[in-house]
> 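Have a look at this one before I ask anything.
In what follows, residues are counted from 1 in the order of the sequence shown. Quick note: numbers below take in every heavy atom, side chains included, and nothing from hydrogens, waters or symmetry partners. Keep in mind that what you see is a predicted model, and the values were worked out from it rather than measured.
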Amino acid sequence: MKADYCAYSFLKEGSNQCDYEIMTDRLASFLGLSMHYIKHIDQEELLFLCETIYHANGSIRGKNAIDDIRFQKVEQIYQKYERPFKEFYLPVGCIGTSYLHVLRSECKNIVRWIVKIEKEKQVDKKIYDLFNLLANLFFYMALYENEQEGFEEKVFVSKSYEVAS
């Protein structure tokens with residue numbers, strides 16, 4: 001008897017919304033993996049962010065589950081880890097930091113998928129803002145993790161772009 005696996009239904013999906021949902025699932029999965037290696041970030045905060053990403057997963061195709069309270073909580077976490085920086089840094093450091101940089105990059109990729117989806121349908125600005133905020137939050141968490149591990153950031157000086165003095 002041939003099984004009918006609904007998990008394969010995404011292969012027939014033609015919209016960018018499916019790709020967005022796959023990317024957000026990937027982000028949440030990476031975060032779950034990362035939690036085992038991130039030593040200095042509150043695990044409850046990371047778990048909350050993982051849940052938030054899953055809430056955002058269905059918030060374009062279905063009802064937007066990112067309400068003001070959840071968004072403000074992400075902003076509060078952001079403010080906790082925000083720190084000044086003056087230069088560009090290579091995405092290197094301890095293992096926890098490395099994972100946080102991957103998470104940051106994945107968020108930027110999701111933002112690009114949202115831009116593609118906006119050509120198909122209107123997307124609540126809060127979803128777009130959430131993933132931009134998460135990208136910045138994971139960056140600051142990476143700086144914090146390195147700082148706590150005593151790892152000095154490695155400055156990156158681009159040979160492609162002029163940097164204003």
Side-chain angles (χ1 to χ4, degrees), residues 10 13 15-151 153:
F10 70 88
E13 177 71 46
S15 83
N16 288 315
Q17 294 171 57
C18 185
D19 296 303
Y20 162 83
E21 290 171 355
I22 291 168
M23 292 304 300
T24 54
D25 181 42
R26 176 183 168 110
L27 179 66
S29 298
F30 270 133
L31 180 51
L33 171 66
S34 301
M35 289 173 67
H36 296 281
Y37 300 100
I38 299 168
K39 297 179 185 175
H40 304 284
I41 307 293
D42 184 304
Q43 293 289 301
E44 289 300 315
E45 290 172 343
L46 294 172
L47 187 60
F48 174 80
L49 295 176
C50 193
E51 290 171 352
T52 299
I53 293 162
Y54 261 168
H55 283 303
N57 177 281
S59 288
I60 291 179
R61 190 188 307 256
K63 176 185 169 221
N64 184 357
I66 306 300
D67 59 15
D68 290 338
I69 295 168
R70 183 167 290 276
F71 193 88
Q72 288 168 0
K73 170 81 177 188
V74 176
E75 285 180 320
Q76 289 170 352
I77 296 169
Y78 173 87
Q79 290 166 359
K80 177 179 176 181
Y81 294 100
E82 185 179 20
R83 51 211 350 88
F85 69 97
K86 297 178 183 174
E87 302 170 287
F88 289 102
Y89 302 120
L90 290 171
V92 298
C94 63
I95 186 88
T97 291
S98 297
Y99 275 108
L100 287 160
H101 278 298
V102 170
L103 293 167
R104 172 191 55 77
S105 180
E106 290 292 316
C107 286
K108 292 165 106 178
N109 194 15
I110 289 170
V111 168
R112 295 302 304 151
W113 279 106
I114 294 170
V115 169
K116 291 177 185 179
I117 293 168
E118 286 181 323
K119 294 177 182 173
E120 299 170 8
K121 69 178 277 185
Q122 186 173 353
V123 177
D124 188 325
K125 185 178 181 308
K126 196 174 292 177
I127 302 299
Y128 178 81
D129 290 345
L130 173 68
F131 285 102
N132 276 307
L133 179 60
L134 287 172
N136 292 335
L137 172 56
F138 289 135
F139 173 75
Y140 284 128
M141 285 179 164
L143 295 182
Y144 180 82
E145 190 79 3
N146 267 347
E147 179 182 293
Q148 296 303 304
E149 286 289 305
F151 184 90
E153 298 294 338

> Rounded to the nearest 0.5 Å, how far apart are NZ of K73 and CD of E51?
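With rounding to 0.5 Å, NZ (K73) is 10.5 Å from CD (E51).
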
> Please examine the side chains of L49 and L137, heavy atoms only from C-beta on, and report whether any two atoms are closer than 4.5 Å.
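Yes - at least one pair of side-chain heavy atoms lies under 4.5 Å apart.
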
> Please give me the minimum heavy-atom distance between N146 and G93, naming the atom from each residue.
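Shortest heavy-atom separation between N146 and G93 comes out as OD1-CA, 3.3 Å.
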
> Is D67 salt-bridged to K126, cutoff N-O under 4.0 Å?
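No.
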
> Could you tell me which non-hydrogen atom of Y81 sits nearest to which non-hydrogen atom of D42, and how far apart they are?
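Heavy-atom minimum between the residues: OH-N, 3.5 Å.
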
> Return the minimal non-hydrogen interatomic distance between C50 and A28, and the atom names on each side.
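Closest approach of C50 to A28, heavy atoms only: SG-O, 3.6 Å.
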
> Side-chain contact, heavy-atom cut-off 4.5 Å: F48 with R70?
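Yes, their side chains come closer than 4.5 Å.
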
> Tell me whether Q43 contacts the main-chain N or O of I38 through its side chain, where contact means a donor paired with an acceptor under 3.5 Å.
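Checked: pair present.
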
> Can you check ring pair (Phe, Tyr, Trp, His ring centres under 6.0 Å) on Y78 and Y140, steps first, answer last?
CA-CA 8 Å; Y78 173 87; Y140 284 128; 5.4 Å; yes

> Would you say OH of Y128 has more than 12 non-hydrogen atoms from neighbouring residues, nucleotides or ligands within 6.0 angstrom?
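No, OH of Y128 has 12 or fewer neighbouring heavy atoms, counting only those of other groups under 6.0 Å.
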
> To the nearest 0.5 Å, tell me how far I114 CD1 sits from K125 NZ.
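Nearest 0.5 Å value for the CD1-NZ distance: 11.5 Å.
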
> State the CE-CZ distance between M141 and F139, to the nearest 0.5 angstrom.
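It is 13.5 Å, given to the nearest 0.5 Å.
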
> Between E120 (side chain only) and N16 (backbone N and O only), is there a donor and an acceptor less than 3.5 Å apart?
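Indeed, once roles are kept as given, a pair shorter than 3.5 Å links the two residues.
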
> Distance-only, no hydrogens or angles: does the N57 side chain make a donor-acceptor pair with backbone N or O of E21 under 3.5 Å?
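Looks like yes, one N/O pair under 3.5 Å.
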
> So, for P91 and R104, which heavy atoms are closest and what is the spacing to 0.1 Å?
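Heavy atoms of P91 and R104 come nearest at CB-NH2, 3.9 Å.
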
> Considering the options Q148, E149, E145, which one meets the side-chain hydrogen bond (donor to acceptor under 3.5 Å, both in side chains) requirement together with H40?
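Testing H40 for a side-chain hydrogen bond (donor to acceptor under 3.5 Å, both in side chains) against Q148, E149, E145 leaves exactly one candidate, E149.
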
> Compare every heavy atom of S59 with every heavy atom of I127, then report the nearest pair and how far apart it is.
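Here I127 and S59 meet closest at CD1-CB, 3.6 Å.
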
> Is a side-chain donor or acceptor of K121 paired with a backbone partner of I60 at a separation under 3.5 angstrom?
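Pair found, side chain donor or acceptor close to backbone of I60.
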
> Look only at the side chain of S105 and the backbone of H101, and say whether a donor-acceptor pair between them is shorter than 3.5 Å.
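Side chain of S105 to backbone of H101, a donor-acceptor pair under 3.5 Å: no, none is there.
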
> Does a sphere of radius 6.0 Å around OH in Y37 hold more than 12 heavy atoms from other residues, nucleotides or ligands, not counting ones at 6.0 Å or beyond?
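For Y37, atom OH is not crowded (no more than 12 foreign heavy atoms under 6.0 Å).
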
> Passes side chain to side chain contact (heavy atoms under 4.5 Å, CB included), E87 versus E153? Steps please.
CA-CA 10 Å; E87 302 170 287; E153 298 294 338; over 6 Å; no

> Between F131 and Y20, what is the ring plane arrangement, given parallel below 30°, perpendicular above 60°, and tilted in between?
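The arrangement is perpendicular - the two ring planes meet at more than 60°.
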
> Working to the nearest 0.5 angstrom, can you tell me the gap between H36 NE2 and I95 CD1?
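Interatomic distance, H36 NE2 to I95 CD1, rounded to 0.5 Å: 13.0 Å.
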
> Does CG belonging to L90 count more than 12 external heavy atoms closer than 6.0 Å?
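Check passes, neighbour count above 12.
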
> In the structure I gave you, are the side-chain heavy atoms of L31 and E106 within less than 4.5 Å of one another anywhere?
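No, every pair of side-chain atoms sits at 4.5 Å or beyond.
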
> In the structure I gave you, are the side-chain heavy atoms of F71 and D129 within less than 4.5 Å of one another anywhere?
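Yes, side chains in contact.
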
> For the atom pair CG (L134) and OG1 (T52), what is the distance rounded to the nearest 0.5 Å?
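Separation between the atoms: 7.5 Å.
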
> Donor-acceptor pair, T24 side chain versus I53 backbone, under 3.5 Å?
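A pair under 3.5 Å: no.
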
> What's the separation between atom CG in L130 and atom SG in C107, rounded to the nearest 0.5 Å?
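Going from CG on L130 over to SG on C107, the span is 8.0 Å.
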
> Please name the pair of heavy atoms, one in T97 and one in A142, separated by the smallest distance, quoted to 0.1 Å.
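Minimum heavy-atom contact is OG1-O, 3.1 Å.
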
